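Just below is one structure, and these are the notes that go with it.
The model shown is predicted, which means the values in this text are computed figures rather than measured ones. We name chains A, B, ... by the order of the sequence lines, and we start the count at 1 in each one.
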Amino acid sequence: MKNWRYIVYAVVIVLAISLPFYTGAYHQHVATTILMFLTLALSWDMLIRAGQLSFGIAGFFGVGGYAAAITYLNWDISPFLSIALGGLAAFVIALVLGFAVLRLRGMYFAITTLALAEIFRVIVRNWSSLTGGPEGMVLPSTIFGGDSAQIYWLLLAIAIATIIVSEVFQRTRIHFALTSIRNNETVAKASGVDIFKYLVLAFAITSAIQGIVGGAYAQIYGFVSPEGSFHLDFTLLPLAMALLGGMYSTPGPVVGGLVLGIVAEYLKLQIPYGHLLVYGVIIVVVILFMPKGIVGTIRERLQRR
Amino acid sequence: MKRNLVGIISVLCALLIAVAFSGCAAPPPVEPIKLGAVNPLGDITGAQASKAMQLAAKEINDAGGVLGRPIEVIVIDSELKPEKGAAALDKLATVDNVDVFIGGMSSGVHMGEIPTLKKYEKVTVWIGAASHVCEEALEGCDWYFHIHPWDYLQGESYLEGWTAISEQNPEVKIDNWFWTYEEGGFGTASYAASEELYKDWITMTGESFKSAALGGGDYSALLEHAKDYNPDVFVWVGYGADALPIMEQAKAIGFAPPLFLGSPPGWPADFGESPLAEDVCLYGMWAPSIKEVSTVSKHFWDAYIAEYNEEPATYFCPLGYTNVYIVADAIERAGTLDEDALIAALEETEYASPMGEVVTFSPSNIIKHQGVRGQKILQWQNGEQQVLWPFEFATAEIAYPFPSWEGR
Amino acid sequence: MQLLSKLKQRNYQIAIACIIVAVILAIWKPSVLIYGSQRAGLYASIAIPMALILGVVGIINLAHGQFMMLGAYLAYWISVSTGADPLVAMVPVFLAMFVVGMLTYRGCIKYVLKAPELNQLLLTFGLAMILEQLANLLWTSQPVKAHVGYASASASIGSFTFGTFDFVNVAMAIAILIALLLFLKRTRTGQAALAVGQNPRGAKLVGINIDRTYLLIFSISIAIVGALGALFLTRHSIFPLVGGTYTLKSFCLVAMAGIGNLTGVLWCSLGLGLAEAFIMSFKGYGGWADMVFFALIIIVIIVRSYQRRVI
């Protein structure tokens with residue numbers, strides 16, 4: 001009965017939307033952080049579906065954050081517009097850079113994205129007149145005045161939008177294009193797929209998503225800084241979530257994000273000293289016993305029946 | 001069969017009655033006064049500060065508690081991440097229902113915590129954050145008390161301190177300074193503040209470097225520039241990981257300025273044992289040697305070692321102890337947890353701290369309640385940090401000039 | 001005539017260009033040449049073992065710098081408890097880390113090799129976290145260092161005094177490279193490893209024990225980088241998170257040199273070290289040194305990718 005899947009989705013969505021009504025500020029805050037990383041994980045996965053491994057999430061996250069902060073500080077615009085502009089800035093930069101770097105494959109592309117992220121950080125740090133330099137910039141107010149419920153809904157909307165985009169990637173022609181590129185480029189080229197166009201598109205869109213999340217982060221916490229906004233954690237943690245949950249699918253990064261996010265917070269409260277050690281052990285154990293990720297392994301088990 | 005059933009039911013009834021009576025017999029537990037702390041437990045500063053807080057709470061409770069109630073310190077790890085620090089505050093406020101926020105360390109993390117603090121407007125007595133950028137975000141927050149000195153306050157205190165030292169020791173020359181600072185927020189803010197504060201006092205020039213704590217650690221170029229500049233005072237603002245390599249590289253190129261001054265928030269574990277450490281000056285809020293001139297400091301030192309079998313390694317340790325005592329003392333004087341009364345009581349604080357000075361609150365540039373207004377000037381002598389200034393806590397005279405590298 | 005035709009060959013052109021640059025630097029900014037090459041030695045010596053693993057075993061080891069950190073702490077522990085010099089401790093640390101490498105391979109790496117490719121990434125990420133947290137729990141986050149007088153050894157050329165100890169990094173890098181190249185090209189096990197790196201299935205068909213080869217190469221790499229930790233301890237303060245940047249930089253260098261190109265790592269490190277030192281020699285521009293590092297990497301990677309297409 002295929003319909004049960006849609007019922008599950010509907011229930012999950014209703015629960016997610018109504019979360020602020022049955023939880024307090026703390027749980028909403030944790031949920032917001034989980035949604036942020038989950039969205040980043042999903043955006044990373046969308047690019048890996050084309051076979052392109054990216055280590056540059058933090059770069060576009062930071063670009064989005066700074067673009068949002070700079071536009072908000074210098075022009076009289078609403079926070080939402082600044083977040084959208086953050087995404088736009090990331091989109092444009094990714095588009096322009098994409099033409100140069102998307103000819104690279106595998107490790108070389110990965111290192112290039114990592115190097116780009118570091119370059120963005122250095123530029124932001126040194127261009128003090130525009131970005132406030134190493135000390136960063138403070139925003140005069142935070143979005144929604146700090147109300148956890150509305151902040152949660154904002155991130156939920158961003159996450160759901162990303163899930164929809166991810167599903168579009170999975171179902172339309174884009175899916176076939178990206179998967180065929182990933183599996184065998186020569187064959188893809190031979191069948192007439194314009195590899196380059198699809199890669200640039202995927203790169204730009206996923207970078208825009210990362211920029212939007214970065215802009216939201218800046219607006220929620222009210223400040224940006226070179227060390228904070230371009231932190232490597234914004235690259236490594238979403239990566240871990242997508243890998244743990246299962247790549248090449250939408251549920252994978254979502255599940256990975258939820259599991260790792262909830263586990264991290266729970267462990268922190270239970271084991272104040274050394275919770276990260278347990279976190280690392282859990283990652284190692286899960287990946288050893290579930291090579292296809294959580295979702296992938298569940299799918300396998302279900303199929304076997 | 002029936003007998004077994006009767007037996008089981010009677011045992012169950014007996015148990016239920018026993019539980020009910022035990023519940024009645026025990027007096028209702030006294031609701032403790034809760035202080036919620038957000039510290040970086042993965043870092044030595046936060047780990048020790050948390051332990052010092054628990055020590056203070058234990059001492060206070062052993063002496064009868066506050067207003068007849070025990071005091072409880074709930075610590076949540078900030079993981080040195082702004083969003084985690086902010087979420088921790090949410091939990092402390094809404095789940096643990098703490099009465100006061102305390103703790104802190106990093107300025108960067110604090111920036112992320114400030115919006116959440118503003119949401120609750122609880123009385124907050126914070127021991128972290130030195131960046132003036134944080135202060136800018138706290139305008140109008142009259143429920144906020146800040147114990148750690150802001151970066152510009154530290155700079156002002158050094159100006160006062162060095163002037164006093166050079167007046168007492170006329171051979172100490174402090175006219176020409178070469179600064180080197182780590183290129184992140186911490187170092188840059190420190191240098192920018194000093195450039196502004198000292199422009200009429202000394203001539204100075206500066207150069208940034210990438211700290212070894214963040215993957216750098218190559219000071220050769222800037223030490224060459226410093227050597228060419230030939231300053232009276234050489235200052236480096238970085239992290240503990242920079243301390244020894246910068247000395248070693250200075251020795252390698254033969255650069256030994258008359259005054260070698262380091263300003264990291266903490267020093268490496270065994271810095272004193274290195275022969276290169278002799279007569280290096282430093283800035284800090286506290287040194288173990290203060291226990292020689294302050295009974296509170298000695299008591300803290302002995303009590304901490306007795307409780308945890310380790311020595312306090314950074315000034316955040318006595319700072320954590322101070323944090324809890326200041327809050328407890330204010331609650332006792334206020335006689336209530338009512339916020340306005342508590343704020344008024346905190347404003348009257350005069351606490352003799354293990355860092356030597358008596359902590360009181362007065363306005364700084366933007367906020368109304370600033371505690372400690374400067375740091376001390378210290379010097380490594382014979383492997384130990386000695387206090388040079390303020391003179392009231394001085395444990396040694398300055399050794400000047402910085403000895404040459406020969407034979408070290 | 002032979003000389004002229006040789007001059008037209010690209011390698012010789014590059015070599016002559018390098019010599020000219022070296023001479024110019026030696027006269028104009030000798031510090032750049034000295035410190036740049038010292039720094040390059042450090043980067044290269046750490047990156048070459050990673051290139052070995054990537055080339056033969058084909059996995060991204062995100063815990064590379066963390067193994068170095070572990071080796072450094074082991075050396076620190078040995079030197080504190082026995083009073084031995086960290087350089088002397090390099091030998092027991094090498095052996096200990098070899099065992100650690102074997103256990104790591106047998107315990108986890110082996111299983112992810114057959115799994116979808118990126119799982120090794122996640123596994124080594126988890127391992128890196130475990131190593132960092134173990135070090136934090138055992139030794140706290142406060143930096144430690146070994147105090148050795150020779151770390152500030154120096155020499156003078158005229159009025160210019162400079163540190164000479166760091167040349168040991170250059171020596172190490174060259175020694176490691178030569179040792180590994182000899183091993184890979186001259187010994188049977190090494191040649192087998194090369195074969196496995198180029199074509200695992202083909203090597204298996206010819207009867208080479210892939211698992212044993214991977215085990216050996218992985219353990220050697222971990223042992224080398226662990227021993228380098230002991231050397232690192234003499235010149236740097238160590239703390240649990242010290243390894244992260246070196247993982248990153250090694251990674252970048254390996255990609256820049258081209259996967260499987262061990263010698264290239266040495267040359268690329270040299271280029272980057274000199275470029276960094278050059279920027280830092282201008283007062284006030286030190287903040288851009290990082291960007292030059294990463295920009296050069298991107299340029300080389302992109303230029304090389306275009307070259308390949310042309311060919």
Side-chain angles (χ1 to χ4, degrees), chain A residues 48 51 53 55 97 100-123 125-126 128 133-134 226 232 236-237 239-244 246-248 256 273-293 296, chain C residues 54 58 60 62-63 104 107-112 114-137 244-245 248-249 251-256 258-259 285 287-302 304-306 308-309:
Chain A
I48 197 82
L53 169 64
F55 280 143
L97 289 174
V101 306
L102 278 165
R103 304 223 173 261
L104 303 168
R105 293 286 176 270
M107 200 65 50
Y108 302 111
F109 178 76
I111 291 298
T112 305
T113 53
L114 180 65
L116 280 174
E118 292 294 305
I119 289 177
F120 292 155
R121 179 210 301 235
V122 174
I123 292 178
R125 191 183 66 218
N126 286 326
S128 309
L232 216 56
L236 292 173
L237 290 179
L239 217 102
M241 289 169 180
L243 284 168
L244 199 85
M247 297 190 290
Y248 310 131
Y273 297 96
H275 55 94
L276 284 177
L277 181 62
V278 179
Y279 187 82
V281 170
I282 288 178
I283 289 182
V284 169
V285 166
V286 169
I287 205 63
L288 280 177
F289 289 102
M290 296 199 216
K292 290 218 160 77
Chain C
L54 199 54
I60 306 172
L62 278 186
T104 312
C108 17
I109 308 282
K110 189 161 109 165
Y111 303 103
V112 294
K114 299 172 197 130
E117 27 172 51
L118 288 175
N119 286 15
Q120 307 110 23
L121 200 84
L122 185 61
L123 181 80
T124 51
F125 173 68
L127 283 177
M129 212 180 234
I130 292 176
L131 288 174
E132 281 174 357
Q133 293 308 311
L134 266 178
N136 200 2
L137 285 170
T245 345
L248 206 130
K249 286 206 163 150
F251 222 152
C252 293
L253 278 168
V254 170
M256 185 185 179
I259 294 171
Y285 286 91
W288 295 99
D290 254 354
M291 189 174 112
V292 168
F293 184 91
F294 290 108
L296 274 176
I297 290 174
I298 295 181
I299 292 174
V300 169
I301 291 181
I302 291 185
R304 235 207 356 258
S305 84
Y306 274 106
R308 253 188 254 128
R309 295 187 93 76

Practice item. Give the C-alpha distance, both sets of side-chain angles, the deciding distance and a yes or no for side-chain contact (heavy atoms from CB on, under 4.5 Å) between A:Tyr108 and C:Arg304. Key: CA-CA 10 Å; A:Tyr108 302 111; C:Arg304 235 207 356 258; 3.5 Å; yes
Review point. If you count heavy-atom pairs under 4.5 Å between each of A:Val286, A:Val285, A:Asn126, A:Leu236 and chain C, which one has the most?
Key: A:Asn126
Point to revise | Contact leader toward chain A among C:Ile301, C:Leu122, C:Leu118, where contacts are heavy-atom pairs under 4.5 Å | key: C:Leu122
Exercise for review: Quick one: list whatever passes side-chain hydrogen bond (donor to acceptor under 3.5 Å, both in side chains) with C:Asp290, sequence neighbours left out.
Suggested key: B:Lys210
Review point. Rounded to the nearest 0.5 Å, how far does CZ of A:Arg105 lie from OG1 of A:Thr112?
Key: 11.5 Å
Point to revise | Portion of A:Leu244 that has a non-hydrogen atom of chain C nearer than 4.5 angstrom | key: both
Review point. Between CD1 of A:Ile119 and CZ of C:Phe294, what distance do you get to the nearest 0.5 Å?
Key: 8.0 Å
Check your understanding: Where does A:Leu114 contact chain C at under 4.5 Å (heavy atoms): side chain, backbone, both or neither?
Key -> side chain
Exercise for review: Step by step, work out the side-chain contact (heavy atoms from CB on, under 4.5 Å) result for A:Leu232 and A:Phe55.
Suggested key: CA-CA 9 Å; A:Leu232 216 56; A:Phe55 280 143; over 6 Å; no
Check your understanding: Looking at CG of A:Leu288 and NZ of C:Lys110, how far apart are the two atoms once the value is rounded to the nearest 0.5 Å?
Key -> 12.0 Å
Review point. In terms of heavy-atom proximity below 4.5 Å to chain A, should C:Ile297 be classed as side chain, backbone, both, or neither?
Key: side chain
Review point. Can you name the residues that form a ring-ring contact (aromatic ring centres under 6.0 Å, His included) with C:Phe125, not counting sequence neighbours?
Key: none
Point to revise | chain C contact via A:Arg125 - which portion, at a heavy-atom distance below 4.5 Å | key: side chain
**Study point:** Part of A:Leu243 within contact of chain C (heavy atom distance under 4.5 Å)
**Key:** both
Check your understanding: If you count heavy-atom pairs under 4.5 Å with chain C, which of A:Ala240, A:Gly293, A:Pro134 comes out on top?
Key -> A:Ala240
Study note, to complete from the structure: Ranked by heavy-atom pairs below 4.5 Å to chain A, first place among C:Thr124, C:Val292, C:Leu123 goes to C:Leu123
Practice item. Output, in order, the C-alpha distance, side-chain angles, deciding distance and verdict of side-chain contact (heavy atoms from CB on, under 4.5 Å) for C:Phe293 and A:Glu118. Key: CA-CA 10 Å; C:Phe293 184 91; A:Glu118 292 294 305; over 6 Å; no
Review point. Among C:Leu127, C:Asn119, C:Asn136, which residue forms the greatest number of heavy-atom pairs with chain A at distances under 4.5 Å?
Key: C:Asn119
Check your understanding: Do the non-hydrogen side-chain atoms of A:Ile111 and C:Met256 ever get within less than 4.5 Å of each other?
Key -> no
**Study point:** Proximity breakdown for C:Leu134 and chain A, heavy-atom pairs closer than 4.5 Å
**Key:** both
Study note, to complete from the structure: Pair count under 4.5 Å, heavy atoms only, with chain C: among A:Leu53, A:Val101, A:Val122, A:Ile48, highest is A:Val122
Practice item. Would you mind telling me which of C:Ala255, C:Gly258, C:Ala115 has the largest number of heavy-atom pairs within less than 4.5 Å of chain A? Key: C:Ala255
Revision key, fill the gap. Under 4.5 Å to a heavy atom of chain C? For A:Leu104 that would be side chain
Review point. Between C:Val112, C:Leu121, C:Leu131, C:Leu62, which residue shows the highest count of heavy-atom pairs closer than 4.5 Å to chain A?
Key: C:Leu121
Point to revise | Proximity breakdown for A:Leu116 and chain C, heavy-atom pairs closer than 4.5 Å | key: both
Check your understanding: For the residue pair A:Leu237 and A:Tyr279, what are the closest heavy atoms and their distance?
Key -> CD2-OH, 3.9 Å
Exercise for review: Identify which part of A:Phe109 has an atom lying under 4.5 Å from any heavy atom of chain C, answering side chain, backbone, both or neither.
Suggested key: neither
